[in-house]
Amino acid sequence: MHIWKAAAVAAGFAGLVSAGNVRADGTVEVLHWWTSGGEAKAVGELKKAFEAEGGTWIDSPIAGGGGDAAMTALRARVVAGNPPTAVQLKGPGIQEWAKEGALNDVQDVAMKNNWDAVLPPVLANIMKYEGKYVAAPVNIHRVDWIWANPEALKAAGITAMPTTWEEFNADAEKLKAAGITPLAHGGQPWQDATLFEDVVLGVGGADFYRKALVELDQAALTSDTMVKSFDQLRKLRGYVDPNFSGRDWNLATAMVMRGEAGFQIMGDWAKGEFLAAGKVPGKDFLCAPTPGGGFVLNSDSFTFFKVKGADRIEGQKVLAGMIMSPDFQKTFNLAKGSIPARTDVPLDDFDACAKRSHADLLAAIKGNTLVPSMAHEMAVPRSVRGEFLDVVTAFFNSDMSSDDAVKQLAAAVKRAQQN
Ligand code: BGC
């Protein structure tokens, strides 16, 4: 039986287990970077649920898509000996902080509520350090999506979403000819890296993506396939408007909403933005995976830093239980644009994009084409990710050749690995 299905079957009773049995008057200070319309709505659900349990929520939002500013703030807080109680953190970052001895585990909450049985193993492993849960996942975000405005496509004579990069490029030219910006984009390193990794998956396939962006294999990093990926990224650079530099991702989404731009390539937090603005999927906006197949995985989770005081430690446990409760996973993800991390939450009330994400995720697990996001900190240590972002952004903002980009990238990754 399929691993995902097996986990769901084993957890047949898990829908009955909720965080409701952990009522307590805990306090949590929560550091996160969910400040856009859709994001704020989603995190508001968590606050509401926590307060309904009698807890006190101290909100510490640090604006900045992708979380780079939040991670800098977190480091400063920990160095000052004053960590927040709960922090939105992910991927190898969880392991890095756990290794530093900075995290409390929530293993007792996880055991009591049988997390092992309701999480896909690929996620459960990321949440554990030395066999114990140190993080609670809220969702599964897919990074390799194209969002589109159907009216803009129609005006440019485009009848279907592109399924190859050649088609994407041809459609972009049609939009250009119709006076519409083909690609809404914000020139920030993490957004450039988001385009880059989707292109690498599309051009090279999942095995290549894994070799280059996860295993950091020098032969893959210097290959012709990587050169071709940069060539496609160069094409995308030609499809953005002159004011792209520094633009926040949600403002780029708004360009698609208004029909000023045809497409945006962005994770499904962009859907949260469309929904928060009252837009209807399939009518006001379209979704399709970026060309190439596979699934770029991103998952948000919360970690619990070592804090003093029974009230705060209780707050951490309440929050962990709540995050993993089926009801909360449904409400939160309906707002966030993602799908639940738990495998046993019915998707009946979710839209077609979410259902597609779920179906493609299962297919990707089965076909071994599920890859972790480099741009969204699921794949490699922050230091290595930083090198990728630097080179990709330098390429995007100059006339650097693809050959030079590949050379610089391979050297930079090697350097980061040696440090
Ligand atoms: C996070 C999302 C968030 C997005 C933009 C991603 O790295 O996983 O939850 O909405 O960044 O801020």
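One-based numbering, in listed order, for ligands and for the atoms of each.
Between the side chains of Ser338 and Asn139, at least one donor N or O sits under 3.5 Å from an acceptor N or O.
The minimum heavy-atom distance linking Trp33 with Gln88 is given by the pair N-OE1, 2.9 Å.
Between Asp390 and Arg385 there is no salt bridge, since no side-chain N of the basic residue sits under 4.0 Å from a carboxylate O of the acidic one.
A donor-acceptor pair is defined here as one N or O able to donate and one able to accept, closer than 3.5 Å; such a pair exists between the side chain of Thr331 and the backbone of Asp327.
Listed by chain and residue number, the protein contacts of ligand 1 are Trp33, Trp34, Glu39, Gly65, Gly66, Lys90, His141, Trp249, Trp269, Asn298, Asp300, Lys336, His376 (heavy atom within 4.0 angstrom).
In this pair, Trp147 and Phe274 present their aromatic rings tilted. The plane angle is within the 30 to 60° band.
Under the side-chain contact (heavy atoms from CB on, under 4.5 Å) criterion, Ala261 pairs with Thr181, Ala184, Met255, Val256, not counting sequence neighbours.
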